[in-house]
Amino acid sequence: MSESTDESYDFIIVANRLPVDRVVEPDGDAYWKVSPGGLVTALEPMMQASEGAWVGWAGQPELEFDPFDHNGIHVVPVPLSADEIEKYYEGFSNDTLWPLYHDVIAPPSYHRVWWDSYVAVNTRFAQKAAAIAAQGATVWVQDYQLQLVPKLLREARPDLTIGFFNHIPFPPYGIFSQLPWRRQIVDGLLGADVIGFQRTADASNFARAVRRLRGYTTRGNTIWVPGEPSRKVTAKAFPISIDANAFETLARDPQVQERARQIRSDLGNPTTVMLGVDRLDYTKGIGHRLKAFGELLSDGKISVEDVVLVQVASPSRERVETYRQLRDEIELTVGRINGDYGTISHQAVNYLHHGFPREEMVALYLAADVMLVTALRDGMNLVAKEYAAVRFDEDGVLLLSEFAGASDELRTAVRINPHDIDGLKEAILGAIAMPKAERRRRMRAMRKRVIENDVARWSSNFITALEATRA
């Protein structure tokens, strides 16, 4: 399976996307810049220290180029055709696995040609990694798009130490069992030495799937995989986090603080600014929060002069039909609320369908009195942790869905069930009226957790577990 190569690396990340984005200038010149994602921030120092390699797709169809070094990381591209992007990425990854793993909030589609493309692309990723891995190297595979890679690597290179981290939830067996290729996915993941999940419940769901589908023995975090030789696989929770220090440093920047004051002024200096920040995805519960907010205005419990909702919904998978329909629904709801309750000088909902640079996001967090995280299902939800990291003033209230992984850690947030609209409305009113002393107590505890368990600690804990299996 392996391709030949002159260079080899002791530490390799395999992820759907590369840690760099290709930017094309108006004059046609192109350059590479570091991706803004949290995963890159987490792993960049480790990659630089180990002179590691990163295997991934550049994010554009038919884009082929030679490997190169960027910011201390060896970048190894995996090209994808337009057909593969449609079937492997938009199809199987995001229209089969994504809805299935998020409790079938939207119905998954099962197409054999999508599965065939998923197998082919996973094989190509595994080949690239096997070709550049030094003898006894450590390979860390990331996320649901590449669940077959661990087994493929194990077969090609039994000398490797292999880790896998699942950034999204792993569903209960009753849901997972609907997948026609459930055994292949389980076998693919069991090629790893350590399989990381966001929550303990996710790891338990996976262990149960292993028992039901393969009959292997599991005890606690350990799964015994028979073979010659037999292997022990660790499957446990490693909740991911953020670079808390970087967010707080930005929040303390006088220019960012001034921008936060300007945002409140531009909104008409309301008594309460509520904020939602999400990818436009059906798992985020944006419609549920809009329904609760609209009903509070209808009930006369809040007024547009006193309370405003800012909803940032960054574009997501807009070529997938389910996402196009969702955008239409959300924008229709926003328009209806603003039409019913807005005034000449005050808009009820400020809806922003585009992304923002990190500085602007931090300013929004500082401007917001109440942060709404109403996810119907979420592996972690880093927005909740970002809000806590930014609030060095120990103010602000976080309303956090119990169905987001972050609720396991941020226990002093106001926990909500987004399906309970009346309960959500009560929680919003309670957050608006919450005394300052209680706000400080809750935020102080959340900040302590986020700062202690930052993204560097997450990656360090995972690599330590991998090294223990090697020993």
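Residues take their numbers from the sequence shown, with the count starting at 1.
For the side chain to side chain contact (heavy atoms under 4.5 Å, CB included) with Leu398, the qualifying choice from Val373, Thr412, Val414 is Val373, the only one to do so. Among Glu386, Lys284, Met371, the one residue that satisfies the side chain to side chain contact (heavy atoms under 4.5 Å, CB included) test with Val277 is Met371.
Arg182 forms no cation-pi arrangement with Tyr173, by the criterion of a distance under 6.0 Å to the ring centre and an angle within 45° of the ring axis. Cation-pi geometry between Arg447 and Phe392 is not met at under 6.0 angstrom from the ring centre and within 45 degrees of the axis. Geometric assessment of Lys385 against the ring of Tyr387 yields a negative cation-pi assignment under the 6.0 Å and 45° thresholds.
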**Request:** Carefully, step by step, assess Tyr351 and Val312 under the rule side chain to side chain contact (heavy atoms under 4.5 Å, CB included).
**Result:** CA-CA 6 Å; Tyr351 175 76; Val312 177; over 6 Å; no
**Request:** Decide side-chain hydrogen bond (donor to acceptor under 3.5 Å, both in side chains) for Asp95 and Trp114; before the verdict, give the C-alpha distance in whole Å, the side-chain angles of both, and the deciding distance to 0.1 Å.
**Result:** CA-CA 10 Å; Asp95 208 8; Trp114 289 2; over 6 Å; no
**Message:** Walk me through whether Ser303 and Asp306 qualify under side-chain hydrogen bond (donor to acceptor under 3.5 Å, both in side chains).
**Reply:** CA-CA 5 Å; Ser303 70; Asp306 292 332; 3.2 Å; yes
**Request:** Show the numbers, then the answer: is there a salt bridge (charged side-chain N to carboxylate O under 4.0 Å, His left out) between Arg199 and Asp408?
**Result:** CA-CA 8 Å; Arg199 311 177 81 167; Asp408 289 354; 2.8 Å; yes
**Request:** Go through Ile195 and Thr234 one step at a time and tell me if the side chain to side chain contact (heavy atoms under 4.5 Å, CB included) criterion holds.
**Result:** CA-CA 6 Å; Ile195 310 169; Thr234 299; over 6 Å; no
**Request:** Please report the C-alpha distance between Asp378 and Gln198 in whole Å, then the side-chain angles of each, then the deciding distance to 0.1 Å, and finally whether the side-chain hydrogen bond (donor to acceptor under 3.5 Å, both in side chains) criterion is met.
**Result:** CA-CA 10 Å; Asp378 213 337; Gln198 299 282 25; over 6 Å; no
**Message:** For a side-chain hydrogen bond (donor to acceptor under 3.5 Å, both in side chains) check, start with the C-alpha distance between Thr218 and Arg211, then their side-chain angles and the critical distance, and finish with the verdict.
**Reply:** CA-CA 7 Å; Thr218 70; Arg211 292 193 301 272; 2.8 Å; yes
**Request:** Any chance you could lay out the salt bridge (charged side-chain N to carboxylate O under 4.0 Å, His left out) test for Asp340 and Arg336, step after step, and finish with the verdict?
**Result:** CA-CA 6 Å; Asp340 287 347; Arg336 186 176 295 126; 5.8 Å; no
**Verdict with reasoning, Leu297 to Ile302, per side chain to side chain contact (heavy atoms under 4.5 Å, CB included)** = CA-CA 5 Å; Leu297 288 167; Ile302 60 174; 3.7 Å; yes
**Request:** Check the pair Ile242 / Phe247 against side chain to side chain contact (heavy atoms under 4.5 Å, CB included), numbers first and verdict last.
**Result:** CA-CA 8 Å; Ile242 61 169; Phe247 275 94; 4.0 Å; yes
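Tyr88 has its side chain out of reach of Val119: every pair of non-hydrogen atoms, C-beta onward, lies at least 4.5 Å apart. Two residues are said to be in side-chain contact when any heavy atoms from C-beta on lie closer than 4.5 Å; Leu280 and Tyr323 fail this criterion. The shortest side-chain heavy-atom distance between Leu290 and Val349 falls under the 4.5 Å cut-off. The shortest distance between side-chain heavy atoms of Asn338 and Val334 falls below 4.5 Å.
A side-chain N or O of His167 and one of Gln142 form a donor-acceptor pair less than 3.5 Å apart. A donor-acceptor pair shorter than 3.5 Å cannot be found between the side chains of Asn417 and Asp420. Side chain to side chain, Glu329 and Gln325 fail the donor-acceptor criterion of an N or O pair below 3.5 Å. Checking Arg377 against Thr283 by side-chain atom types alone, no donor-acceptor pair falls below 3.5 Å. Checking Gln257 against Arg252 by side-chain atom types alone, no donor-acceptor pair falls below 3.5 Å.
By the neighbour-count criterion of 12 heavy atoms within 6.0 Å, atom CD of Glu25 is densely surrounded, having more than that number from other residues, nucleotides or ligands. By the 6.0 Å contact criterion, NZ on Lys425 is enclosed, its count of non-hydrogen atoms from other residues, nucleotides or ligands being greater than 12.
Here the side chain of Trp115 pairs no donor or acceptor atom with the backbone of Pro180 at under 3.5 angstrom. His102 places a side-chain N or O within donor-acceptor distance of the main-chain N or O of Trp98, the cut-off being under 3.5 Å. A donor-acceptor pair is defined here as one N or O able to donate and one able to accept, closer than 3.5 Å; no such pair exists between the side chain of Asp103 and the backbone of Ile105. The closest donor-acceptor contact from the side chain of Ser265 to the backbone of Arg261 lies at 3.5 Å or more, if one exists at all. Distance alone, capped at 3.5 Å, is enough to place a donor-acceptor pair between the Ser407 side chain and the Glu402 backbone. The closest donor-acceptor contact from the side chain of Arg264 to the backbone of Pro270 lies under 3.5 Å. Between the side chain of Thr374 and the main chain of Gly285, a donor-acceptor pair closer than 3.5 Å is present. Asn122 places a side-chain N or O within donor-acceptor distance of the main-chain N or O of Gln145, the cut-off being under 3.5 Å. Between the Gln147 side chain and the Tyr144 main chain, a donor and an acceptor come within less than 3.5 Å of each other. A donor-acceptor distance shorter than 3.5 angstrom exists from the side chain of Trp57 to the backbone of Gln60, with no hydrogens or angles considered.
Between Arg391 and Glu248 no salt bridge is recorded (no basic side-chain N to carboxylate O distance below 4.0 Å). Note on Asp369 versus Arg439: no salt bridge recorded, every NZ/NE/NH1/NH2 to OD/OE distance being 4.0 Å or above. Arg317 has no carboxylate O lying under 4.0 Å from a charged side-chain N of Glu90, or vice versa, which leaves the two without a salt bridge. The pair Arg440-Asp395 fails the salt-bridge criterion, with no side-chain N (NZ, NE, NH1 or NH2) lying under 4.0 Å from an Asp/Glu carboxylate O. No salt bridge links Asp187 with Arg183; every basic N to acidic carboxylate O contact stays at or beyond 4.0 Å. Comment: Glu360 engages Arg259 in a salt bridge, judged by a side-chain N to carboxylate O separation of less than 4.0 angstrom.
Relative ring orientation between His419 and His288 is described as perpendicular, the plane-to-plane angle rising above 60° on a 0-90° scale split at 30° and 60°.
To the nearest 0.5 Å, atom CZ of residue Phe206 and atom CD1 of residue Ile223 are 5.0 Å apart. Once rounded to the nearest 0.5 Å, the distance linking NE2 of His346 with CD of Glu305 reads 5.5 Å. Here Glu331 contributes atom CD and Leu326 contributes atom CG; the two are 9.5 Å apart, rounded to the nearest 0.5 Å.
Taking the six-membered ring where the residue is Trp, the centroids of Phe197 and Phe165 are separated by 6.0 Å or more. Taking the six-membered ring wherever Trp is involved, the centroid distance between the rings of Phe92 and Trp181 falls below 6.0 Å. Residues Trp458 and Phe238 place their aromatic rings such that the two centres sit no closer than 6.0 Å.
For the pair Thr200 and Ala237, the tightest heavy-atom approach, listed with the atom from each and the gap, is N-CB, 3.5 Å. Across all their heavy atoms, Ala406 and Ala384 have their closest contact at CB-CB, 4.3 Å. Closest heavy-atom contact between Ile428 and Ala292: CD1-CB, 4.3 Å.
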